[in-house]
K.L.:
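Here it is, the structure in full.
Throughout, a chain's letter reflects where its sequence line sits, starting with A, and its residues are numbered from 1. Values in this document were obtained by computation on a predicted structure and should not be read as measured data.
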There are 2 protein chains.
Amino acid sequence: MPTRDAFTVLADPTRRQILDLLRERDLMVSELVDLLRTAQPNVSKHLKVLGEAQLVNARVDGPRRHYTLTPEPLRELDKWLGPYRRAWADRLDALEAHLDEMTDAEGEH
Amino acid sequence: MPTRDAFTVLADPTRRQILDLLRERDLMVSELVDLLRTAQPNVSKHLKVLGEAQLVNARVDGPRRHYTLTPEPLRELDKWLGPYRRAWADRLDALEAHLDEMTDAEGEH
DNA sequence: GGAGAATATTCCTGTCAAGGAATTTGATGC
DNA sequence: GCATCAAATTCCTTGACAGGAATATTCTCC
């Protein structure tokens, strides 16, 4: 099974919700089940996918497992986003320039 | 059909490639077909999805359409990423602190 | 208005992934 | 060792979606 890339993993809303929850604090599976109101096997399955993508890590504690967020892979996403940040900044600049131009023109006649 | 969110739209590698290409300059469909080496109908379909997600915009020019990147929706993604940036910065800080601690301990004996 | 170009749409098929139900594995305490 | 709790795995069904092939639309030019 080809391990899925970060984009694919994040496409699922339940998984994003899990990550959001783990940002606050570590949680064990049963806690996630309560918070997400979804069946335990599904939570486990999503955690497995997240684990394969290195986005979470499990600390074993007897029969329980405490899951921790390991956000490093998200830096890749951040990196991908970089050039686009520039792109939308440029668009904002262009918009501003355009507005300035209109204001100038208005002042002129 | 419920229009897909940014995460879902970006999960497809071909669509990301289209966005990457449009970052350089506007392109018409036939140019994208050449660059992507994929069939024209598929390109059109992906462009449609990207358009619904407001990630691209078409300028009509006779029978051609020039597609432009409109990166604004990506700001949402950037926003989602925000708290995680903090999270991984914290983790780096913790790591550094830990290394400092080890160095200190080493110096002490 | 007909031909031909550029692009969009439709139909079809295969694949993959999510969720439900049931079961299994693993660890603990008695 | 057995009952029990926590979590993982398996099996199944269903829906979504990407890609291919064929066709339809829309515009331009003569």
Side-chain angles (χ1 to χ4, degrees), chain A residues 1-22 25-70 73 77, chain B residues 1-22 25-70 73 77:
Chain A
M1 63 205 70
T3 183
R4 293 173 251 191
D5 65 47
F7 288 96
T8 307
V9 171
L10 293 178
D12 185 274
T14 304
R15 283 195 287 263
R16 289 200 301 275
Q17 219 179 331
I18 291 177
L19 293 180
D20 287 345
L21 289 168
L22 290 180
R25 62 183 182 87
D26 292 4
L27 292 169
M28 47 190 217
V29 180
S30 62
E31 292 177 305
L32 281 168
V33 170
D34 291 347
L35 291 165
L36 296 172
R37 268 94 168 284
T38 181
Q40 175 267 318
N42 290 328
V43 175
S44 285
K45 280 184 268 188
H46 283 305
L47 286 169
K48 184 177 187 179
V49 174
L50 289 168
E52 285 166 353
Q54 316 262 42
L55 280 162
V56 302
N57 211 300
R59 174 168 49 85
V60 175
D61 163 29
R64 302 145 217 262
R65 301 185 182 198
H66 298 261
Y67 280 87
T68 312
L69 178 68
T70 55
L77 179 53
Chain B
M1 60 203 72
T3 185
R4 295 173 247 190
D5 66 46
F7 288 96
T8 307
V9 170
L10 293 178
D12 185 274
T14 303
R15 283 195 286 264
R16 290 201 300 276
Q17 219 180 331
I18 290 176
L19 293 180
D20 287 346
L21 289 169
L22 289 180
R25 62 184 181 87
D26 293 4
L27 292 170
M28 47 190 216
V29 180
S30 62
E31 292 177 306
L32 282 168
V33 170
D34 291 348
L35 291 166
L36 298 172
R37 267 95 170 283
T38 179
Q40 174 268 317
N42 291 328
V43 175
S44 285
K45 280 184 270 190
H46 282 305
L47 286 169
K48 184 177 186 179
V49 174
L50 289 168
E52 285 165 354
Q54 315 263 40
L55 280 162
V56 301
N57 210 300
R59 175 169 49 84
V60 175
D61 163 29
R64 303 144 214 258
R65 300 187 182 196
H66 298 261
Y67 280 87
T68 311
L69 177 70
T70 56
L77 178 54

K.L.:
For dT9(C) and Lys48(B) - does any side-chain N or O of the residue sit under 4.0 Å from the phosphate oxygens OP1/OP2?
P.N.:
yes

K.L.:
What is the distance, rounded to the nearest whole Å, between atom CE of Met28(B) and atom C1' of dC27(D)?
P.N.:
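Those two atoms, CE and C1', are 14 Å apart.
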
K.L.:
Among dG20(D), dA8(C), dG19(C), find the nucleotide with the atom closest to the side chain of Lys45(B).
P.N.:
dG20(D)

K.L.:
Would you say Val56(B) and Tyr67(B) make side-chain contact, with heavy atoms under 4.5 Å?
P.N.:
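In contact.
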
K.L.:
Phosphate oxygens OP1/OP2 of dA8(D): is one of them under 4.0 Å from a side-chain N or O of Tyr67(A)?
P.N.:
yes

K.L.:
In whole Å, what is the span from the CG atom of Asp12(A) to the P atom of dA16(D)?
P.N.:
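Going from CG in Asp12(A) over to P in dA16(D) covers 14 Å.
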
K.L.:
Between Glu31(B) and His46(A), name the one whose nearest nucleotide on DNA chain C is closer to the 5' end.
P.N.:
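Checking each residue's closest nucleotide, the 5'-ward one belongs to Glu31(B).
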
K.L.:
OP1 or OP2 of dA18(D) sitting under 4.0 Å from any side-chain N/O of Arg15(B)?
P.N.:
yes

K.L.:
Take atom CG of Asp61(A) and atom P of dA6(D), then tell me their distance rounded to the nearest Å.
P.N.:
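It is 12 Å, rounded to the nearest whole Å.
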
K.L.:
Find out whether Asp26(B) and Leu69(B) are in side-chain contact, i.e. whether some heavy atom of one side chain is under 4.5 Å from a heavy atom of the other.
P.N.:
no

K.L.:
Choose from dC17(D), dG19(D), dA7(D) the nucleotide whose nearest atom is closest to any side-chain atom of Thr8(B).
P.N.:
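So the side chain of Thr8(B) is nearest to dC17(D).
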
K.L.:
Ignoring hydrogens and geometry beyond distance, is the side chain of Gln40(A) in donor-acceptor contact with the base of dA8(D) at under 3.5 Å?
P.N.:
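By the distance-only test, yes, there is a pair.
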
K.L.:
Please report, rounded to the nearest Å, how far the P atom of dA7(D) is from the CD1 atom of Ile18(A).
P.N.:
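Going from CD1 in Ile18(A) over to P in dA7(D) covers 13 Å.
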
K.L.:
Identify which nucleotide among dT7(C), dA22(D), dG19(D) has an atom closest to any side-chain atom of Ser30(B), counting heavy atoms from C-beta outward.
P.N.:
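Out of dT7(C), dA22(D), dG19(D), the nucleotide with an atom closest to Ser30(B)'s side chain is dT7(C).
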
K.L.:
Under a 4.0 Å N-O cut-off, is there an ion pair linking Glu31(A) with Arg25(A)?
P.N.:
yes

K.L.:
Is Ser44(A) touching bases, backbone alone, or none of the nucleic acid, heavy atoms closer than 4.0 Å?
P.N.:
base

K.L.:
If the cut-off is 4.0 Å, is Arg4(B) near the phosphate of dA18(D), judged by side-chain N/O to OP1 or OP2?
P.N.:
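Yes, because at least one side-chain N or O of Arg4(B) sits under 4.0 Å from OP1 or OP2 of dA18(D).
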
K.L.:
Rounded off to whole Å, could you give me the CG-to-P distance for the Asp34(B) and dT7(C) pair?
P.N.:
10 Å

K.L.:
Considering only dA8(D), dG20(C), dA27(C), which nucleotide approaches the side chain of Pro63(A) most closely?
P.N.:
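Looking only at side-chain atoms, Pro63(A) lies closest to dA27(C).
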
K.L.:
Can you measure Leu32(A) atom CG to dG19(C) atom C1' for me and round it to whole angstrom units?
P.N.:
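Roughly 17 Å, once rounded to whole Å.
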
K.L.:
Please report the C-alpha distance between Leu10(A) and Leu19(A) in whole Å, then the side-chain angles of each, then the deciding distance to 0.1 Å, and finally whether the side-chain contact (heavy atoms from CB on, under 4.5 Å) criterion is met.
P.N.:
CA-CA 9 Å; Leu10(A) 293 178; Leu19(A) 293 180; 3.6 Å; yes

K.L.:
Rounded to whole Å, how long is the line connecting atom CG of Asn42(A) with atom P of dT9(D)?
P.N.:
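Roughly 14 Å, once rounded to whole Å.
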
K.L.:
Which residue pairs pass the side chain to side chain donor-acceptor pair (under 3.5 Å) test when at least one of the two sits in residues 6-16 of chain B, sequence neighbours left out?
P.N.:
Asp5(B)-Thr8(B), Arg15(B)-His46(B)

K.L.:
To the nearest angstrom, how far is Arg37(B) atom CZ from dG20(D) atom P?
P.N.:
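Answer to the nearest Å: 14 Å.
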
K.L.:
Side-chain N or O of Thr38(B) versus OP1/OP2 of dA18(D): is the shortest distance under 4.0 Å?
P.N.:
no

